[in-house]
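Worksheet: one structure, shown below.
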Amino acid sequence: MKLVGIAASFGKAAAEAMVLSAPPEIDADRKDPRGEKERLMTAVQDGIKNLSLELDESKKKIEGNSAKLEMLEMHRTILNDYVFRKGIDGYIEQGYCASSSVMRAAEDQAATLENLGDSFLSERAQDIREVGRRLAYSMEGFSEPDLSHLEKNVILVAESLSPALLSVADCGRIKGILTRRGSRTSHVAILASGLGIPTVVGCAGIEKIRDGELVFLDAEKGTASFSLSEQEKERAKEIIALYEQQKADLKKYQACEAFTADRKRIRVLCNIMDTSMAEKSLKYSADGIGLFRTEFLYMDKPRLPSEAEQVAVYRSLAVNWKGKPVTIRTIDIGGDKPVESLHLEAEKNAFLGYRAIRICLDRPEIFLIQLRAILRASAFGNVQIMFPMISNISELQQAKSILEEAKKQLRAENQPFNEKIPIGMMVEIPSTAILSDKFAALVDFFSIGSNDLTQYVLAADRTNQKVASIYNHLDPGVLRLIELTIRNSREAGIPCSLCGEMAGDPLALSLLIGFGLEKFSVNPGRIPLIRNLLSLIDFKRAQTVADQALKQSSSKGVADLVNGTLSKEYRNWLQDGDDLIG
Ligand code: PEP
Ligand code: MG
């Protein structure tokens with residue numbers, strides 16, 4: 001049987017399913033109506049006892065693994081920490097439920113550590129959040145599966161997966177992830193992509209998969225096959241062996257510059273959502289950070305991050321990237337990226353509603369904090385600022401004037417920053433692509449957001465599986481707007497990159513090269529493959545193919561055209577045969 005979902009982190013895997021049950025939802029704002037403090041404090045004590053026992057059990061299983069043992073010791077220390085416990089009691093005193101109090105106290109402590117701007121202490125902040133979450137779960141009677149030491153290779157199958165659970169997991173053993181909920185831009189999808197774990201999300205029907213049975217996951221196409229015949233299992237193993245071989249062949253592209261076959265220099269930058277993804281990209285010698293999705297600093301937290309917390313993160317990137325561009329996009333909240341602490345109303349058409357720059361212009365007090373933080377970090381490296389979801393000139397002008405206000409404040413406080421910080425915008429709404437000649441006169445750079453551009457051009461929600469066959473960035477309507485934007489940026493003399501998933505799609509690469517794109521921003525794990533594929537593309541030939549693509553009338557026509565021009569070596573990287581399975 002084959003299920004179809006959304007490919008969220010590329011790759012392929014075949015391994016036994018490990019089916020996880022869904023954890024409870026914990027609301028950090030929940031108050032306890034009965035206010036029985038004694039009872040709540042006892043519940044916390046019991047939770048601490050249970051979690052201590054769980055940690056002891058885990059320790060027994062991983063004797064000899066000193067790094068993991070150290071981590072468990074650390075978790076036990078946090079659990080017994082006086083300040084943490086006092087924090088919990090304080091929130092119970094204020095009337096919060098036991099589990100909400102635990103989450104709030106953990107977040108307070110984590111935020112304090114992050115504020116200190118020390119990378120070691122920032123890592124401890126994640127440990128505190130992890131302990132808080134596990135303790136809260138344990139108090140709700142849910143014991144989380146221990147993924148920190150797995151005995152065999154698995155594909156995790158779950159309703160949804162918390163990024164925190166994944167961040168402490170034995171990732172060497174997790175060969176794939178399959179979830180029913182989630183979108184390509186959901187937290188866990190982006191984290192999995194950073195870790196290079198093939199992932200399919202938004203996949204209905206996963207409840208039919210039995211724990212322990214073999215699953216073949218094709219996260220290039222977004223499919224998961226199970227209940228396989230013996231013959232299909234053999235075929236799956238062959239495909240995975242070939243895939244592993246290809247991955248090994250990519251090693252030589254892990255730290256080099258990217259060129260086309262006819263030696264046109266192309267910049268390959270990275271998309272990140274946190275500092276760990278930035279570190280991975282640095283190892284791959286990325287040409288810079290093309291997109292930092294800062295909204296992830298705001299998500300899953302009981303309160304918004306402070307200016308100091310944000311400065312610490314942005315500054316560390318500015319310093320570590322040593323002069324390479326660090327493009328910090330202001331928050332793109334809303335759509336499929338909720339921020340609980342903003343208490344936004346649910347909307348019928350979330351992607352067409354109160355989102356990203358629209359929220360920031362409406363709530364300048366929140367926007368100013370982020371702008372000040374980005375400006376302050378600009379004193380330490382090559383920081384660029386980028387506005388998402390601009391739909392008209394007035395929005396851009398308003399955003400720039402709030403940025404001016406932030407600069408004025410910092411000047412008055414004698415805070416250093418780069419007066420000439422480059423200002424860019426995402427071109428991801430059709431109106432801005434159509435008017436890109438006008439916008440190009442007002443910004444220092446463009447970055448095309450093909451994920452949103454595709455959904456808005458085709459009126460197909462990017463997270464809705466039912467319209468997934470319509471949502472296609474190879475549609476000639478989408479391509480024409482992308483070509484127009486690149487052409488207008490070139491004529492205005494400003495750089496243009498593309499940071500949507502299309503930049504990492506092997507079928508789209510030669511078209512984008514043909515349109516004249518010179519900057520691709522992709523998920524870290526994708527960098528070596530993209531460099532390899534670019535080295536197989538001839539710029540002059542790509543121009544001819546791209547011209548022809550613009551004259552096609554359907555995405556199928558474009559795909560057939562591109563497929564017909566790919567060399568055998570290039571096609572080897574796309575080769576599958578997976579259709580025979582499931
Ligand atoms: C895009 O829309 O292509 C993009 C890169 O932004 P996001 O996926 O974060 O909306
Ligand atoms: Mg977008």
Side-chain angles (χ1 to χ4, degrees), residues 6-10 182-194 199 201-202 268-274 277 281 288-299 327-339 350-360 370 384-391 395 399 424-433 436 445-464 471-475 478-479 481-482 485-486 496-505 508 512 517 519-524 526 530:
I6 302 166
S9 167
F10 297 106
S183 69
R184 190 175 286 137
T185 48
S186 62
H187 227 140
V188 76
I190 292 174
L191 185 60
S193 165
T199 299
V201 296
V268 182
L269 298 93
C270 60
N271 295 343
I272 64 159
M273 63 171 238
D274 61 19
M277 290 174 89
S281 315
I289 298 175
L291 168 65
F292 179 11
R293 291 182 160 103
T294 59
E295 52 277 10
F296 287 96
L297 297 177
Y298 290 62
M299 292 162 72
T327 313
I328 303 182
R329 181 177 73 178
T330 59
I331 41 177
D332 185 9
I333 283 161
D336 63 340
K337 291 181 274 197
V339 167
F351 279 114
L352 298 180
Y354 192 57
R355 220 196 123 172
I357 199 76
R358 301 169 181 186
I359 300 178
C360 289
Q370 182 170 38
Q384 320 194 112
I385 193 162
M386 179 157 79
F387 299 125
M389 286 291 293
I390 295 286
S391 58
E395 275 176 340
M425 62 177 270
M426 303 274 303
V427 176
E428 53 184 346
I429 296 186
S431 59
T432 52
S436 47
F445 65 92
F446 281 158
S447 188
I448 300 172
S450 56
N451 301 342
D452 277 316
L453 189 62
T454 304
Q455 81 163 341
Y456 294 129
V457 170
L458 295 167
D461 180 339
R462 63 197 258 187
T463 62
N464 186 340
Y471 181 95
N472 190 330
H473 51 230
L474 295 183
D475 186 279
V478 179
L479 294 182
L481 287 189
I482 289 176
T485 307
I486 296 170
C496 179
S497 71
L498 190 142
C499 61
E501 295 305 311
M502 185 181 189
D505 175 5
L512 296 172
L517 191 77
K519 279 185 170 189
F520 293 69
S521 194
V522 299
N523 292 330
R526 206 73 178 156
I530 296 305

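We count ligands from 1, going down the list as the structure has it; atoms in each ligand are counted the same way. For this chain, numbers begin at 1 and follow the sequence in order.
Remark: Phe446 CZ to Met386 CE distance equals 12.0 Å, nearest 0.5 Å. Here Asn523 contributes atom CG and Cys270 contributes atom SG; the two are 9.5 Å apart, rounded to the nearest 0.5 Å. Taking CG of Asp332 as the start and NZ of Lys337 as the end, the distance is 4.0 Å to the nearest 0.5 Å. Distance check, rounded to the nearest 0.5 Å: CZ of Arg293 to CD1 of Ile331 gives 15.0 Å. One finds the NE2 atom of His473 at 8.5 Å from the CG atom of Leu479 (value rounded to the nearest 0.5 Å). Note that the OG atom of Ser431 and the CD1 atom of Ile390 stand 10.0 Å from one another [nearest 0.5 Å].
Using a distance-only test at 3.5 Å, with no hydrogens or angles considered, no donor-acceptor pair links the side chain of Thr327 to the main chain of Leu291. At least one donor-acceptor pair under 3.5 Å links the side chain of Asn271 to the backbone N or O of Cys499.
Atoms of ligand 1 found under 4.0 Å from any heavy atom of Leu291, numbered from 1 in the order shown, are 5 (C). Close contacts between ligand 1 and Glu428 involve ligand atoms 1 (C), 2 (O), 6 (O) [criterion: under 4.0 Å to a heavy atom]. Every atom of ligand 1 with a heavy atom of Arg293 under 4.0 Å away is listed here by number and element: 4 (C), 5 (C), 6 (O), 7 (P), 8 (O), 9 (O). Heavy-atom proximity to Gly449, at under 4.0 Å, picks out these atoms of ligand 1: 1 (C), 2 (O), 3 (O). Annotation for ligand 1: atoms under 4.0 Å from non-hydrogen atoms of Cys499 are 5 (C). Interface of Asp332 with ligand 1, defined as ligand atoms under 4.0 Å from a residue heavy atom, comprises 9 (O), 10 (O).
The residue Leu453 has no part lying near ligand 1, judged by heavy-atom distances below 4.0 Å. Here Asn271 has no heavy atoms under 4.0 Å from ligand 1, in either its backbone or its side chain.
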(message) I'd like to know whether Asp452 forms a side-chain contact (heavy atoms from CB on, under 4.5 Å) with Arg355, so could you lay out the CA-CA distance, the side-chain angles of the two residues, the decisive distance to 0.1 Å, and finally the verdict.
(response) CA-CA 12 Å; Asp452 277 316; Arg355 220 196 123 172; 3.1 Å; yes
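Within Glu428, the N/O/S atom positioned nearest the Mg ion (ligand 2) carries the name OE1. The closest approach of Asp452 to the Mg ion (ligand 2), by N/O/S atoms, is made by OD2.
For Met426, the heavy-atom gap to ligand 1 drops under 4.0 angstrom. At a 4.0 Å cut-off, not a single heavy atom of Met389 sits close enough to ligand 1 to count as contact.
The nearest non-hydrogen atom to atom 8 (O) of ligand 1, considering only Gln455, Arg462, His473, Arg329, comes from Arg462.
Looking at Asn451 next to ligand 1, an N or O pair under 3.5 Å apart turns up.
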